[in-house]
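The block underneath contains the structure these notes are about, expressed in structure tokens.
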Amino acid sequence: MEAAQVVNSNGNADGDYQYEIISWFDSVSKNAAMVQTETLGQILHLNYGVEYLKKWFGDMKIQDMDACALESLYASLVPLASHADFEPFIQRIADGDTAPILTQQTITTLSLSSGTTEGRQKLLPFTRHSSQTTLQIYRLAAAYRSRVYPIREGGRILEFIYSSKRLKTKGGLTAGTATTHYYASEEFNIKQEKTKSFTCSPQEVIFGGDYKQSTYCHLLLGLLFWDEVELIASTFAYSIVQAFASFEEQWEEICSDIKDGTLSSRITLPRMRKAVLDIISPNPCLASQIEAICRDSKASNWYGIVPRLWPNAKYVYSIMTGSMQPYLKKLRHYAVSLPLVSADYGSTEGWIGVNLDPCLPPEDVTFAVIPTFSYFEFIPLYKKKQDLTSSTVGYIEDEPVPLSQVKLGQEYELVLTTFTGLYRYRLGDVVEVAGFHNGTPKLNFIFRRELILTVNIDKNTENDLQLAVGRGSEVLSKYGGELVDFTSHAEVMHQPGHYMIYWEIKGEVEERVLGECCGVMDASFVDHGYVVSRRTNSIGPLELCIVETGTFNKVLDYFIGNGAALGQFKTPRCTNNHILLRILNLCTIKRFHSTAYN
Ligand code: AMP
């Protein structure tokens, strides 16, 4: 059963449509094992004879093969692969080779993954199927959400969404982030029409190409339509936090624009200016109401500003899990009484799972795998004995299993075979099976598998870093400070190597407290290799670098300048990028060295 068939079949956001899409998902999830076998068959039949598959299948005639036999044959012949294995093929496509390399359908668009972990964006194929699955998962998730938090038809969404620059590759293909392609696709309009929920900002704002100007306009238009706004959303939670940090600075200017029906001179892009000026008109009464709320809220550090400005909003919707968890605290501060609904799980490579329990707090959210989207395999991961106390990458891997064989409580690395031409592609995400919806697993996102901090035998992932920083920031908040953002670097140029953690903080905190935060973080890395190396001083004391206010905005600007989109931006939690390190080191105003192992 293909996603697109269901998308196009009737429907608005009414009960009938919701019933239809939910019962579709019930049916495919009940038969998940069979649907997966069929999905793999479809992918392989559609792409029969492409160069990549020919390498492994030779001239074997797979068309007449039974679907189950094909599934076993596929796993035995086609090896597991990583992005590096696909890179030369994707590069040829980018350079204009139109031969059937990965797919029979010609690929005309490539997606750039956020790639903010190592500062290098990955190129991936993007097809119509990619937009269709985005629409499909959006509508499925919306149907589940509306059971708990119904929204008014014809209402608006204050969406902090941004397109990246769309580039042309050497071969003339369009390259941009997957979200950018989606906003430009027919499916994005279909979504608005069918769900009868409209984004506050016109295309000129979303596609403006300057995130600061777009954010200003998103906020301004969101306030103009204040009584129609049913929900506040973004792809990743970071964008909402970022938008409200700007609002704290710009609210007076926004109010003045609302009062006079003008547009700040900070909006310089002509198309954006015209589109917004066409919508706005003077509204002094609204401006003074907003001004009064802002003056009052400012005194309480903007606590609960979101429901005060948008009293009809039912919830805040965004990805809040994984690397977005550190922003939850700030989001809760702004949203207070409004429920935070964590959005679905996907990647530039393909969508994976949907949040079927919107009322759960983001910390407890799981994602039910959609068995028609891709063919999913799961590499079982077992912690090595010495690492039982830590969540590090010290894993032993077992043979991959299909979706039908996953076990409750087991951790796995995800492997995808997609309609866009990725075959047994290791995604690098670690997930845990937290339950089942009918026959399909509900996954808990654990972390990205790659190591980010390592000096010698120590192994720490983003999750380990997040845990350590979480402990340190608890101390900070106890003394009235607030962690705005953070990143890290494994310094190995000088012996002994050591971890450097960069913090941007808000509020006045004594140096003694920051020293304590530094020591707490050092002691919180429980990886056996790290602890042993610290005890023997083969890894030096952890260094906490406090950077000046606005440093992480400079980091963001650096990435945006290199083609990233704010909507898909994730602060790199560790970096070896020398330009980034130069920004961070130039902006460092205080340094502390841990005494935890003295
Ligand atoms: P990108 O590189 O921009 O395609 O980002 C995809 C990655 O973001 C995934 O592989 C995950 O590591 C992460 N991600 C996406 N959705 C979620 C989610 N709902 N929860 C946690 N992490 C997510």
Side-chain angles (χ1 to χ4, degrees), residues 1-11 17-48 53 62-76 78 103 127-141 143-144 344-347 349-356 366-379 400-408 410 412 414-425 427 431 433-443:
M1 212 180 299
E2 241 229 88
Q5 290 170 353
V6 176
V7 170
N8 294 332
S9 63
N10 166 28
Y17 172 68
Q18 283 169 24
Y19 175 77
E20 185 192 338
I21 195 154
I22 289 175
S23 54
W24 165 78
F25 188 60
D26 265 350
S27 138
V28 293
S29 58
K30 267 183 197 136
N31 302 304
M34 189 190 77
V35 170
Q36 276 282 274
T37 308
E38 284 172 6
T39 300
L40 178 66
Q42 274 179 25
I43 296 173
L44 297 179
H45 287 134
L46 277 173
N47 295 317
Y48 175 71
L53 288 177
I62 60 160
Q63 294 95 325
D64 313 321
M65 234 177 225
D66 159 74
C68 294
L70 183 56
E71 189 176 8
S72 331
L73 186 72
Y74 178 67
S76 67
V78 179
T103 53
T127 64
R128 181 88 199 273
H129 187 269
S130 318
S131 294
Q132 287 170 336
T133 50
T134 304
L135 174 59
Q136 174 85 341
I137 196 167
Y138 185 91
R139 294 176 74 183
L140 179 60
Y144 275 93
D344 308 311
Y345 173 29
S347 66
E349 288 83 347
W351 281 105
I352 297 153
V354 58
N355 174 6
L356 301 180
T366 59
F367 306 99
V369 176
I370 304 188
T372 55
F373 278 9
S374 290
Y375 177 69
F376 298 94
E377 290 173 270
F378 297 79
I379 303 175
V401 295
L403 178 144
S404 56
Q405 287 174 30
V406 296
K407 296 204 167 62
L408 188 69
Q410 174 66 48
Y412 298 94
L414 266 178
V415 177
L416 310 182
T417 294
T418 68
F419 281 92
T420 56
L422 303 173
Y423 304 96
R424 307 199 83 205
Y425 175 101
L427 188 62
V431 295
V433 175
F436 289 89
H437 177 79
N438 300 319
T440 203
K442 284 165 108 176
L443 307 177

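This is a predicted model, so every value here is computed, not measured. Atoms considered below: every heavy atom in the structure, side chains included; atoms not considered: hydrogens, waters and symmetry mates.
Distance alone, capped at 3.5 Å, places no donor-acceptor pair between the R424 side chain and the V415 backbone. In this structure a side-chain-to-backbone donor-acceptor pair under 3.5 Å is missing from S27 to S23.
Applying side chain to side chain contact (heavy atoms under 4.5 Å, CB included) to L44 and the options L53, T39, V78, L73 leaves one that passes, L53.
Here the closest non-hydrogen pair linking G353 and D344 is O-CB, 3.3 Å. What you find for A143 and I21 is that their closest heavy atoms are CB-CG2, 3.6 Å. The two residues A434 and T366 make their nearest non-hydrogen contact at CB-CG2, 3.6 Å.
Taking CG of N31 as the reference point, atom OG1 of T372 lies at 12.0 Å (rounded to 0.5 Å). Within the model, atoms CD of E38 and CD of E71 stand 10.5 Å from one another, a figure rounded to the nearest 0.5 Å. Atoms CD1 and OH, from I137 and Y345 in turn, are 11.5 Å apart once rounded to the nearest 0.5 Å. Atom CZ of F419 is separated from atom OG1 of T127 by 9.5 Å, given to the nearest 0.5 angstrom. Note that OG1 of T133 and CD1 of I370 are 8.5 Å apart. Values are rounded to the nearest 0.5 Å. The structure places CD of Q36 at 8.0 Å from CG of L40, a figure rounded to the nearest 0.5 Å.
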Hey, can you pull the donor-acceptor pairs under 3.5 Å for the side chains in residues 400-407, sequence neighbours left out?
none

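At a threshold of 4.5 Å between non-hydrogen side-chain atoms, the residues V28 and F25 count as touching. Within the 4.5 Å cutoff, the side chain of F376 has heavy atoms near those of the L416 side chain.
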Test log, rule side chain to side chain contact (heavy atoms under 4.5 Å, CB included), inputs H437 and V369: CA-CA 9 Å; H437 177 79; V369 176; over 6 Å; no
Working for side chain to side chain contact (heavy atoms under 4.5 Å, CB included), residues F367 and V431: CA-CA 10 Å; F367 306 99; V431 295; over 6 Å; no
Intermediate values then yes/no, side chain to side chain contact (heavy atoms under 4.5 Å, CB included), T134 and W351: CA-CA 7 Å; T134 304; W351 281 105; 3.0 Å; yes
V433 and Q410: CA distance, side-chain angles, deciding distance, side chain to side chain contact (heavy atoms under 4.5 Å, CB included) verdict: CA-CA 6 Å; V433 175; Q410 174 66 48; 5.5 Å; no
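With sequence neighbours excluded, the residues forming a ring-ring contact (aromatic ring centres under 6.0 Å, His included) with Y412 are F378, listed by chain and number. With sequence neighbours excluded, the residues satisfying salt bridge (Lys or Arg N to Asp or Glu O under 4.0 Å) with R128 are E186, E187.
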